[in-house]
K.L.:
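Before we start, here is the structure in question, set down as structure tokens.
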Amino acid sequence: MATALLPRMAFAARNSLRSLRTGIQPGDKTRLVIETSARPSYSLSYPAGQLVVNIANATTNMSVSPKLASGGLVKSIAQVQNGDSLQIVATLKQSIVQIPKASILVLEPNGDNDYRLVLDFVAGTTSAPAEPAQYTTSSAATTTAITASRKYVIVVDAGHGGKDPGCIGKGGTREKDIVLSVAKKLKNKLDANGFKTYLTRSGDTYLKLAERASIAEKRNADLFISLHANANPSRKMKGFSIYTLSEKASDEEAKKLADAENAADKIGVSGFTEFEENIRIALSSLQQHAVAEMSEEYATGCAKSFKRASIEQQPGPDVRHAPFAVLRSTVPGALLELGHLSNAAEEKLLKTSAHQDKLVNAIVKSVKNYNFEV
């Protein structure tokens, strides 16, 4: 006798709500914490005056009473069962923009806490007015959610500049000139592909490293890309290399490179005194852990994009790590060494418009393939 097969979902453990609370963070940020029994699979939507968190395969828990901090943006929080999904509907005092990836964390169980989805957001308005979504407890109902439309913001940093030429090739090619040329081309192509792109410098000007990072913060950037060209004692060394921020360098060469780049304005890599107070506070170990993961994700994808474009890679790992001061920020980012000016052949190559276009195309593909959404 044949036995009917039940849907796989019937055997899946349902996630359950454990607690709801809000708090206030530096920089007038409101924090919403949603605690669940299992790791949440979620999506966000932004109807006018609301923030809606949809958690798949989860159930309501009406014994949970939200704990709301005074002074925040959240007026009230409701639970709605929508089929197999639990919706947390936060009614806001003001509408908000789409929450950037760097402001979303999923924390592992710790002590008396289960999994926690942590969302930090500030007041703002959506780029287009949206009607409030309608919610119902019917399992057959669907939810209308209008997501705020926005362009992802990219800040492109052309390294060095002004009194700081960077490294200089045997043929006299200056790093600051090469990276500025690539940065301008990259901005144009990113803008043409639907991104909003800013340059830290558009001319031959000198900027301190903290200023460059601060520009990304002030622009609320989703990604920060710092462009450089390398030099090596060995004239035979060539190829691109990609770096992300880490307190400990992945190898001796990475450490020496970070020391050289940081020497541009003598910023100590162990301090944050060049940053505004709210940015220094935000640079907690928890925040940096999330930013580091996102930076690693972008850098890994960028290395793949370069190799697919047949751009030669410096021998070694795809992504290296070092304490670069210019990457010390709450914005995910990477430092791209586009090649070696100390290698005569690569110096000539980096000067050509065709190779610069090749580099730009690879970077644009890496940005388009990057998962900006959590």
Side-chain angles (χ1 to χ4, degrees), residues 154-162 164-207 212 215-216 221 223-232 235-243 257 260-261 264 298-299 301-314 318-320 324 326-327 333-370:
I154 315 297
V155 170
V156 177
D157 171 47
H160 307 280
D164 174 21
C167 60
I168 302 175
K170 190 173 182 180
T173 307
R174 300 180 300 185
E175 178 182 1
K176 68 175 183 177
D177 299 327
I178 294 296
V179 296
L180 181 59
S181 176
V182 174
K184 288 180 176 179
K185 291 185 175 188
L186 180 57
K187 171 181 164 48
N188 290 338
K189 189 130 192 178
L190 284 172
D191 286 345
N193 277 271
F195 297 95
K196 182 62 178 174
T197 315
Y198 297 96
L199 299 178
T200 57
R201 66 179 181 96
S202 57
D204 188 18
T205 53
Y206 173 77
L207 290 172
R212 299 169 188 268
I215 289 171
L223 190 62
F224 178 79
I225 301 173
S226 188
L227 303 177
H228 292 260
N230 212 342
N232 193 284
R235 299 284 183 177
K236 295 181 180 180
M237 182 64 73
K238 58 181 178 177
F240 77 87
S241 54
I242 299 177
Y243 296 81
L257 180 61
E261 297 291 359
Y298 170 73
C302 188
K304 290 179 180 177
S305 183
F306 271 49
K307 288 189 288 186
R308 285 171 184 157
S310 298
I311 299 171
E312 186 169 358
Q313 181 180 16
Q314 178 181 333
D318 285 354
V319 179
R320 303 180 186 216
F324 291 98
V326 75
L327 296 179
L335 186 145
L336 279 52
E337 295 284 356
L338 302 176
H340 286 71
L341 288 175
S342 50
N343 179 280
E346 201 156 62
E347 178 186 5
K348 292 179 181 178
L349 192 63
L350 287 167
K351 291 170 63 177
T352 66
S353 180
H355 187 69
Q356 290 183 14
D357 289 341
K358 191 175 184 180
L359 291 166
V360 166
N361 289 336
I363 297 171
V364 170
K365 286 183 179 179
S366 72
V367 175
K368 291 173 69 175
N369 290 334
Y370 175 61

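For this chain, numbers begin at 1 and follow the sequence in order.
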K.L.:
Roughly how far, to the nearest 0.5 Å, is NE2 of His228 from CD1 of Ile242?
P.N.:
13.0 Å
K.L.:
Which heavy atom of Ser226 sits nearest to which heavy atom of Asp157, and what is that distance?
P.N.:
OG-OD2, 2.6 Å
K.L.:
When you compare the side chains of Lys185 and Ser353, does any donor N or O come within less than 3.5 Å of an acceptor on the partner?
P.N.:
yes
K.L.:
For Asp204 and Lys176, what are the C-alpha separation, side-chain angles and deciding distance, and is it a side-chain contact (heavy atoms from CB on, under 4.5 Å)?
P.N.:
CA-CA 8 Å; Asp204 188 18; Lys176 68 175 183 177; 3.1 Å; yes
K.L.:
Counting distance only, does the side-chain N/O of His340 pair as donor-acceptor with the main-chain N or O of Arg235 below 3.5 Å?
P.N.:
no
K.L.:
Looking only at heavy atoms, which two atoms of Ala309 and Ala362 are closest? And how far apart?
P.N.:
CB-CB, 4.2 Å
K.L.:
Does Ser342 use its side chain to pair, donor to acceptor, with the backbone of Asn232 at less than 3.5 Å?
P.N.:
yes
K.L.:
Does any part of the side chain of Leu359, heavy atoms only, come nearer than 4.5 Å to the side chain of His355, both counted from C-beta?
P.N.:
yes
K.L.:
Enter the distance from Lys307:NZ to Asp318:CG here, rounded to the nearest 0.5 Å.
P.N.:
3.0 Å
K.L.:
If you measure from CZ on Arg174 to CG on Asp164, what distance do you get to the nearest 0.5 Å?
P.N.:
11.0 Å
K.L.:
Can you spot which of Ile225, Val156, Thr197 makes a side-chain contact (heavy atoms from CB on, under 4.5 Å) with Val367?
P.N.:
Ile225
K.L.:
So, the side chain of Gln314 versus the backbone of Met237: is there a donor-acceptor pair under 3.5 Å, distance only?
P.N.:
no
K.L.:
Roughly how far apart are Glu337 CD and Tyr243 OH, rounded to 0.5 Å?
P.N.:
6.0 Å
K.L.:
Please examine the side chains of Phe195 and Leu223, heavy atoms only from C-beta on, and report whether any two atoms are closer than 4.5 Å.
P.N.:
no
K.L.:
Mind checking whether Glu175 and Leu341 have side chains closer than 4.5 Å, heavy atoms only?
P.N.:
yes
K.L.:
Could you tell me the separation between the CG atom of Leu350 and the CZ atom of Phe240, rounded to the nearest 0.5 Å?
P.N.:
13.0 Å
K.L.:
For a 4.5 angstrom cut-off between non-hydrogen side-chain atoms, does Ser241 reach Asn230?
P.N.:
yes
K.L.:
Write down the atom of Lys170, the atom of Glu347, and the distance for their closest heavy-atom approach.
P.N.:
N-OE1, 3.4 Å
K.L.:
Drop me the distance from Gln356's CD to Ser181's OG, to the nearest 0.5 angstrom.
P.N.:
3.5 Å
K.L.:
Quick test of your reading: applying salt bridge (Lys or Arg N to Asp or Glu O under 4.0 Å), list the pairs with at least one residue in residues 191-202, sequence neighbours left out, ordered by first then second residue.
P.N.:
Lys187-Asp191
K.L.:
Quick check: closest heavy atoms across Leu186 and Leu227, and the distance to 0.1 Å?
P.N.:
CD2-CD1, 4.4 Å
K.L.:
Report the C-alpha distance between Cys302 and Leu336 in whole Å, list the side-chain angles of each, state the deciding distance to 0.1 Å, and finish with yes or no for side-chain contact (heavy atoms from CB on, under 4.5 Å).
P.N.:
CA-CA 9 Å; Cys302 188; Leu336 279 52; 3.8 Å; yes
K.L.:
Any idea which heavy atoms bring Leu207 and Thr200 closest together, and the distance?
P.N.:
CD1-O, 3.1 Å
K.L.:
Compare every heavy atom of Val364 with every heavy atom of Lys189, then report the nearest pair and how far apart it is.
P.N.:
CG-CG2, 3.5 Å
K.L.:
Got a sec: does the NZ of Lys358 have more than 12 other heavy atoms crowding it under 6.0 Å?
P.N.:
yes
